[in-house]
Amino acid sequence: METRYLKTLMAVLDSGSFSRAAGDLNISQSAVSQRIRFMEEQYGMSLIDRSGAVIVATEAGRAVTRKSRQILALETELDDELKGFMTKARISICCTPTFGIVYLPSVLSQFFLANSDAVKFKSSLSTPLKTLKGVVENEFDVAVIEHCNELELSNVIATTLPPDELTLISAPSLGLSGRELSLTELIEQRFITRRDGCSSRCLFEENLSKFGKNLDSFPNVIIHDDLYLSIQTTLTGQGVAFVSRSLVKEYLEKGTLIEHTVEGFTYLRSRTIILNRSRSESASVKEFVGCVHRVFGM
């Protein structure tokens with residue numbers, strides 16, 4: 001059986017939900033259901049108990065889970081051993097979407113100019129917590145994340161970068177011409193955001209909580225998985241969004257988007273480089289970190 005089926009079962013049981021497992025694996029909920037059903041048909045028994053509010057493993061499911069962890073650990077061990085035979089250096093990085101969209105192209109331009117074809121490179125985009133987990137679990141060598149909360153960084157090597165500034169934006173067609181908005185004016189609008197786990201959404205919810213408000217205070221909330229789609233939806237006048245200023249700088253300069261503030265809101269979030277301890281001395285990792293520093297003028 002392919003290990004992707006085992007990984008899917010683990011994701012469902014770890015999250016207690018088909019939908020959350022689908023989000024973690026970046027596949028559809030239907031695909032998750034199909035993989036679990038295939039496994040249950042192969043083994044001829046139920047592996048998960050669907051009767052409660054949270055999905056849990058059956059006795060058979062617990063047995064499969066125990067063996068799955070061993071199999072996946074062996075797969076990782078084999079991958080690591082085989083990587084030792086590779087003639088090319090390799091580097092696996094992950095970052096949050098804002099850094100990936102705004103800064104990563106410039107970082108890679110410098111990186112590949114210095115390394116040419118000598119490095120096998122892999123990159124991914126994810127939420128701060130999933131990215132950090134990937135570094136800790138040896139999935140990624142290095143990561144760059146924007147985040148609004150303190151993170152558990154004792155198992156990694158972390159370096160602080162200049163913070164990221166966020167801003168409220170709307171299209172001129174929405175009619176919010178004033179830069180300064182009252183909280184009442186803001187929550188009368190439709191709000192456009194990304195799914196739970198995004199640090200811009202986290203910071204926005206923290207701002208609302210200062211005033212005893214939350215996302216339910218808005219008449220309507222549009223949730224997009226794609227950051228670019230959130231911005232495009234805002235450009236069409238569908239509502240207000242809270243995003244990194246670096247993402248919409250050109251739109252603000254052209255006047256196709258308007259910038260707003262609400263008194264008492266916090267607009268800065270942290271940005272951090274995270275290194276896997278076992279890979280921190282790799283020449284390719286050091287070169288990548290150096291390129292990040294140069295892009296930020298450090």
Side-chain angles (χ1 to χ4, degrees), residues 95-110 125 127-128 144-148 160-208 210-211 213 215 217-272 292-298:
C95 57
T96 40
T98 295
F99 179 85
I101 294 171
V102 179
Y103 300 102
L104 186 59
S106 297
V107 172
L108 293 185
S109 176
Q110 292 189 26
L125 299 178
T127 61
V144 184
I145 61 171
E146 292 96 4
H147 55 101
C148 61
T160 300
L161 291 172
D164 184 40
E165 180 184 6
L166 288 88
T167 186
L168 288 160
I169 55 169
S170 72
S173 60
L174 195 62
L176 297 175
S177 57
R179 177 180 173 87
E180 183 74 28
L181 295 178
S182 68
L183 183 62
T184 300
E185 288 176 305
L186 174 63
I187 62 177
E188 287 174 348
Q189 307 303 315
R190 181 185 293 115
F191 185 64
I192 301 165
T193 186
R194 295 185 63 234
R195 60 190 170 93
D196 195 23
C198 167
S199 61
S200 60
R201 173 171 169 171
C202 172
L203 182 57
F204 187 73
E205 290 179 324
E206 287 182 3
N207 281 325
L208 291 176
K210 297 175 186 177
F211 302 92
K213 304 292 184 181
L215 289 182
S217 303
F218 288 80
N220 195 4
V221 176
I222 299 175
I223 299 175
H224 290 306
D225 281 341
D226 186 275
L227 185 54
Y228 176 78
L229 186 55
S230 294
I231 295 172
Q232 293 303 306
T233 304
T234 309
L235 281 165
T236 61
Q238 300 303 306
V240 177
F242 188 62
V243 300
S244 171
R245 199 175 190 282
S246 63
L247 285 164
V248 294
K249 181 180 178 181
E250 292 185 8
Y251 297 116
L252 295 173
E253 291 173 348
K254 292 177 181 177
T256 51
L257 285 174
I258 300 172
E259 186 172 13
H260 306 286
T261 60
V262 173
E263 186 176 357
F265 271 30
T266 298
Y267 294 93
L268 293 181
R269 61 181 173 182
S270 301
R271 183 184 283 123
T272 304
V292 173
H293 285 165
R294 288 192 288 274
V295 165
F296 283 97
M298 298 173 67

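Note that the numbering runs from 1 along the sequence shown for the chain.
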Checklist outcome for this item: Heavy atoms of Arg201 and Arg195 approach each other most closely as NH1-C, 3.5 Å
Item to check | Thr234 (side chain) donor-acceptor with Ser230 (main chain) under 3.5 angstrom | outcome: yes
Checklist outcome for this item: Between Cys148 and Cys202, the two heavy atoms sitting closest are SG-SG, 2.7 Å
Checklist entry - Excluding sequence neighbours, so at least two apart, what forms side chain to side chain donor-acceptor pair (under 3.5 Å) with Arg269? => result Thr98, Asp164, Ser199
Checklist outcome for this item: On a heavy-atom basis, the closest approach of Ile223 and Arg194 is CG2-C, 3.8 Å
Next on the checklist: Any side-chain to backbone donor/acceptor pair from Lys210 onto Gly264? Under 3.5 Å, distance only.
Outcome noted: yes
Item to check | Approximate separation, where rounding is to 0.5 Å, of Ile187 CD1 and Gln189 CD | outcome: 10.5 Å
Checklist entry - When rounded to the nearest 0.5 angstrom, what distance separates CG in Leu125 from CD1 in Ile101? => result 7.0 Å
Checklist entry - Under the 3.5 angstrom rule, does the side chain of Arg245 hit a backbone N or O of Glu165 as a donor-acceptor pair? => result no
Checklist entry - Under a 4.5 Å cut-off applied to non-hydrogen side-chain atoms, are Leu203 and Thr266 in contact? => result yes
Checklist entry - Under the 3.5 angstrom rule, does the side chain of Thr256 hit a backbone N or O of Tyr251 as a donor-acceptor pair? => result yes
Checklist entry - With a cut-off of 6.0 Å (strictly less than), are more than 12 heavy atoms of other residues, nucleotides or ligands near CD of Glu253? => result yes
Checklist entry - To the nearest 0.5 Å, what is the distance between OG1 (Thr193) and CG (Leu215)? => result 6.5 Å
Checklist entry - Can you find a heavy atom in the side chain of Leu176 that is under 4.5 Å from one in the side chain of Leu181? => result yes
Item to check | Donor on one side chain, acceptor on other, Thr167 and Glu259, under 3.5 Å | outcome: yes
Item to check | Exam field: side chain Ser217 to backbone Lys213, donor-acceptor pair closer than 3.5 Å | outcome: no
Next on the checklist: side chain to side chain contact (heavy atoms under 4.5 Å, CB included) for Phe191 and Leu208? Distances and angles first, verdict last.
Outcome noted: CA-CA 12 Å; Phe191 185 64; Leu208 291 176; over 6 Å; no
Checklist entry - Knowing that exactly one of Cys95, Ser109, Pro97 qualifies, which makes a side chain to side chain contact (heavy atoms under 4.5 Å, CB included) with Leu104? => result Cys95
Item to check | Plane angle bin for Phe265 and Phe242 - parallel if under 30°, tilted between 30 and 60°, otherwise perpendicular | outcome: perpendicular
Next on the checklist: With a 3.5 Å distance limit and no angle check, can you tell me whether Thr96 reaches the backbone of Glu146 through a side-chain donor-acceptor pair?
Outcome noted: yes
Next on the checklist: When you measure from the side chain of Arg271 to the backbone of Pro162, do you find a donor-acceptor pair of N or O atoms at a distance under 3.5 Å?
Outcome noted: yes
Next on the checklist: Just verifying a value: how many Å separate Leu247 CG and Leu257 CG, rounded to the nearest 0.5 Å?
Outcome noted: 11.0 Å
Next on the checklist: Checking the side chain of Arg190 only, and the main-chain atoms of Gln238 only, is there a donor and an acceptor separated by less than 3.5 Å?
Outcome noted: yes
Next on the checklist: Quick one about Ser246 and Ser244 (side-chain donor to acceptor, distance below 3.5 Å, no hydrogens or angles considered), yes or no?
Outcome noted: yes
Checklist entry - So how far is it from Ile222 CD1 to Ile192 CD1, rounded to the nearest 0.5 Å? => result 5.0 Å
Next on the checklist: Test of understanding: with side chain to side chain donor-acceptor pair (under 3.5 Å), list the residues that count as partners of Glu185, not counting sequence neighbours.
Outcome noted: Ser182
Next on the checklist: Tell me whether the count of non-hydrogen atoms from other residues, nucleotides or ligands lying under 6.0 Å of OH in Tyr228 goes above 12.
Outcome noted: no
Next on the checklist: Please find the pair of heavy atoms, one from Val262 and one from Tyr267, that lie closest to each other, and give the distance.
Outcome noted: N-OH, 2.6 Å
Checklist entry - Does the side chain to side chain contact (heavy atoms under 4.5 Å, CB included) test come out yes or no for Val144 and Thr272, once each step is laid out? => result CA-CA 6 Å; Val144 184; Thr272 304; over 6 Å; no
Checklist entry - Is there a side chain to side chain contact (heavy atoms under 4.5 Å, CB included) between Leu186 and Leu168 once you walk through the steps? => result CA-CA 9 Å; Leu186 174 63; Leu168 288 160; 4.2 Å; yes
Item to check | Working for side chain to side chain contact (heavy atoms under 4.5 Å, CB included), residues Leu252 and Ile169 | outcome: CA-CA 9 Å; Leu252 295 173; Ile169 55 169; 4.3 Å; yes
Checklist outcome for this item: Rounding to 0.5 Å, atoms CD1 (Ile231) and CG (Leu227) come to a distance of 4.5 Å
Checklist entry - Within a radius of less than 6.0 Å around CD of Glu180, do more than 12 heavy atoms belonging to other residues, nucleotides or ligands occur? => result yes
